[in-house]
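Each chain gets a letter, A, B and so on, in the order the sequences are listed, and its residues count up from 1.
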Amino acid sequence: MAVQFFDTYTRKLETFVPLDPAGKIVKLYTCGPTVYNYAHIGNFRAYVFEDLLQRHLEARGYDVQRVMNLTDVDDKTIRGCRNLGVRLADFTKTFKDAFFADLDTLRIKRAQAFPAATDYVERMIEMIRDLEAKGIAYQAEDKSLYFRISKFADYGKLAHLNLDELRPSGRIANDEYEKESVGDFALWKAWDEADGDVRWDSPWGPGRPGWHIECSAMATALLGDELDIHCGGVDNIFPHHEAEIAQTESCTGKKFVRTWLHCAHLMVDGGKMSKSAGNFFTLRDLIEKGWTGREIRYALITVNYRLPLNFTLDEGLPAARAALGRIDEWARRLAETAASAQPGTIAPEMAALVEGFFTALDDDLNISGAMGQLFDLIRDTNRALDSGALDAAGAAAVQAAWQRMNSVLRFEADAVAIPAEVTELLAQRQAARAAKNWSESDRIRDAIAALGWVVKDSKDGPKLSPK
RNA sequence: GGCGGGAUAGCCAAGUGGUAAGGCCGGGGUCUGCAAAACCCCUAUCCGCGGGUUCGAUUCCCGCUCCCGCCUCCA
């Protein structure tokens, strides 16, 4: 089966065909964070989904060229740095660094480029000048520049909005006095006192770029005028991505994006995550509560991206932990049986499950279907291991298949270094057990526990795990 | 009001015009000096409600109810 995605623009499942004539390169642009705070798990749901997308495309042989922007100038970043009395760049650096650390925690593969908006202001100005020359951008009384949406016939197509029927929402009610039309959006925001020293010179006076133009400028600068895939959260569909299309296509005259993918929101305990509801979590909050990055990754990635994800601390995360433990144990047994054997031929039933894993992902990243195949494979190999039907070469073959699947999932256990002291104690305990000296054995177990390790005597010998 | 998504076992969730994957929890068993773990097995006559089409619908059509999101700068 060919890879197919549900495209937001057409609202249909579309077979994925890259722009690259060789069918190899995939140009992927993913909307990144605004670095004014630590990112929350809702943000990371989107980034984890994009990671799954990239990794699966790579597993299918594509060369994915991905760009993720960092919005390091906007109302919130300006407010943040002024509140602290520090320079904007210093303020945002804290959160850029934190963001990258968080990506690592969640095992999210780095994009090729993470352009920061403040590094592309010149290019944004060029695009706005172009739009102004074409009569699409205009400067209003407040000196800001706006995009005249009446000049872009397709405006609203992505969101499937009929702009004539837009019902003004409360929060925009009182700042529409300068614009020609309510729907016109800012390309350039004229400086005002609240901006402090955050300002760039432009043909229209000092100011700073609007949010939407940043993605248009950076995406085209780094990936070209046409992209294969552009992702974001559903809340970006309108107006952000709509605006990106309007600006970019007005400048380039080409179709900006082939496929639009948007992930649904994350909810916490059945409700919208919000600070006031007390269910707002950054990644760091969960790490502090004792959850690991891969457990959170599991909880975020195993629900299809188009479905709202109900994130629960007392159900979802423990379930993630238990499921990962099962995978760990299976991988451990496989490795033990395979030892250093060369992979043999994988049994046909097992090969079918592995194929099923990837073909499920081909179908709009059907992760639930894929996980079903993986757990079937786990059960089947455990059975074969129990009955002795799987030899070293067979186990090595399954192990190789797991490595392929894991290159997409990245669920493998963290390597833990066991201190020599603990290893020594364990050997002593084994000797005591062989001599049936149970009191000594239990005493050593307690000593090992005091060092932070738990001993469990499995059928295959004692196992150590960090407490 | 407009647009969009959803409703499948205690929880998460896949899926098909032919009679329900998988995970977690729970129950049983194997193993075991003890403890713990691990592994195996079992666990929805039923897929929001009411109609219709059909030999047959959870899956197609119509209507309804409920939930969630977006409607101008929140992933």
Just call it for A:Val454: base, sugar-phosphate, or nothing, with non-hydrogen atoms closer than 4.0 Å on any strand. nothing
May I ask you to say whether A:Arg332 pairs ionically with A:Glu336, meaning some side-chain N is under 4.0 Å from a carboxylate O? yes
If I pick the C1' atom on B:U16 and the same atom on B:G4, what distance separates them, to the nearest angstrom? 25 Å
Categorize A:His160 for me: base, sugar-phosphate, or nothing, with a 4.0 angstrom heavy-atom threshold over every strand shown. sugar-phosphate
Is any N or O donor-acceptor pair between the side chain of A:Asp75 and the base of B:C73 shorter than 3.5 Å? no
Is there a salt bridge (charged side-chain N to carboxylate O under 4.0 Å, His left out) between A:Asp142 and A:Lys189 once you walk through the steps? CA-CA 9 Å; A:Asp142 66 346; A:Lys189 294 188 162 190; over 6 Å; no
In terms of side-chain geometry, is the basic nitrogen of A:Asp102 or A:Arg284 positioned less than 4.0 Å from the acidic oxygen of its partner? yes
Would you mind classifying the nucleic acid contact of A:Gly232 as base, sugar-phosphate or nothing, using non-hydrogen atoms under 4.0 angstrom? sugar-phosphate
Does the side chain of A:Asn382 get closer than 4.0 angstrom to OP1 or OP2 of B:C40 through an N or O atom? yes
Going by atom types alone, do A:His262 and A:His241 pair a side-chain donor with an acceptor below 3.5 Å? yes
Report which part of the nucleic acid A:Arg429 touches: base, sugar-phosphate, or nothing (heavy-atom distance under 4.0 Å, all strands). base
Rounded C1' spacing from B:A38 to B:A44 in Å: 28 Å
With C1' as the reference atom in both, quote the distance from B:G15 to B:A21 in angstrom, rounded to an integer. 7 Å
Does A:Arg326 have a side-chain nitrogen or oxygen under 4.0 Å from the phosphate oxygens OP1 or OP2 of B:G23? yes
Assign A:His262 to base, sugar-phosphate, or nothing according to its heavy-atom contacts below 4.0 angstrom with the strands shown. nothing
Is any N or O donor-acceptor pair between the side chain of A:Ser441 and the base of B:G33 shorter than 3.5 Å? yes
Quick one: A:Leu365 CG to B:A13 P, roughly how many Å, whole number? 17 Å
Considering only side-chain heavy atoms of A:Lys76, which listed nucleotide, B:A14, B:C74, B:C41, is closest? B:C74
Partner of B:C46 under the Watson-Crick or G-U wobble criteria, both distances under 3.5 Å, comes out as none
Quick check: on RNA chain B, is the nucleotide nearest A:Glu315 upstream (toward 5') of the one nearest A:Ala319, or the reverse? Name the residue that is more 5'. A:Glu315
Distance-only donor-acceptor test, A:Arg445 side-chain atoms vs B:C34 base atoms, 3.5 Å: yes
Touch check for A:Ile237, heavy atoms < 4.0 angstrom, all strands: base, sugar-phosphate only, or nothing? nothing
Under 5.5 Å centre to centre and under 30° between planes: does that hold for A:Phe375 and the six-membered base ring of B:G22? no
Check every atom of B:A14, B:A38, B:A37 against the side chain of A:Lys456 and return the nucleotide holding the closest atom. B:A37
Rounding to the closest angstrom, what is the interatomic distance between B:A13 and B:G23 at atom P? 16 Å
Taking any heavy-atom pair under 4.0 Å as a contact, classify A:Asn43: base, sugar-phosphate, or nothing. base
Just the rounded figure in Å: distance from P of B:C71 to CD of A:Glu242. 13 Å
Who is the Watson-Crick or G-U wobble partner of B:A7, with both distances under 3.5 Å? B:U65
Going by the ring-ring contact (aromatic ring centres under 6.0 Å, His included) test, name the single residue among A:Phe281, A:Phe280, A:Tyr47 that passes it with A:His40. A:Phe280
Would you please confirm or rule out a distance under 4.0 Å between OP1 or OP2 of B:A13 and any side-chain N or O of A:Asn304? no
Both distances below 3.5 Å, Watson-Crick or wobble geometry, any strand: find the nucleotide opposite B:C34. none
Taking atom types as modelled and ignoring hydrogens, do the side chains of A:Asp442 and A:Ser439 form a donor-acceptor contact shorter than 3.5 angstrom? no
Quick one: look up who B:C70 pairs with, Watson-Crick or G-U, both distances under 3.5 Å, and put none if it's unpaired. B:G2
Write down the distance between CG (A:Asn366) and P (B:A14), rounded to a whole number of angstrom. 7 Å
For A:Lys189, answer base if it contacts any base atom (sugar-phosphate contacts may also be present), sugar-phosphate if it contacts only those atoms, and nothing otherwise; contact means non-hydrogen atoms under 4.0 Å. base
Side chain of A:Arg379 - closest among B:C41, B:C24, B:G6: B:C41
Gap in Å between the two C1' atoms, one belonging to B:C49 and one to B:C67, rounded: 15 Å
note: A:Ile213, atom CD1; B:C73, atom P; distance rounded to Å ~ 17 Å
When the nearest nucleotide of RNA chain B is assigned to A:Cys263 and to A:Ile378 on a heavy-atom basis, which residue is associated with the more 5' position? A:Ile378
Between B:A9 and B:U58, how far is it from one P atom to the other, in whole Å? 15 Å
Establish, from distance only, whether the side-chain atoms of A:Tyr305 and A:Asp364 form a donor-acceptor pair under 3.5 Å. yes
To the nearest Å, how far apart are A:Ile367 CD1 and B:A21 P? 20 Å
Any N/O donor-acceptor pair, A:Asp235 side-chain to B:G69 base, under 3.5 Å: no
Could you tell me how far B:A57 sits from B:C47 if I compare only their C1' atoms? Round to whole Å. 11 Å
What I want to find out is whether A:Arg429 reaches A:Asp457 closely enough, with some N-O distance under 4.0 Å, to be called a salt bridge. yes
Determine the interatomic distance between C1' on B:G63 and the same-named atom on B:G69; round to the nearest Å. 24 Å
B:G69 P sits how many Å from A:Met267 CE, rounded? 7 Å
Please work out if A:Ala299 contacts a base, only the sugar-phosphate, or nothing of the nucleic acid, heavy-atom cut-off 4.0 Å. nothing
Can you tell me the distance, in whole Å, between the CH2 atom of A:Trp453 and the P atom of B:A37? 19 Å
Between A:Asp184 and A:Tyr138, a side-chain donor and acceptor under 3.5 Å: yes
Whole Å only: how far is the CZ atom of A:Arg383 from the P atom of B:G29? 20 Å
Which is true for A:Asp74 with a 4.0 Å heavy-atom rule: it touches a base, it touches only sugar-phosphate, or it touches nothing? nothing
Return no unless some side-chain N or O of A:Lys463 is found under 4.0 Å from OP1 or OP2 of B:A36. no
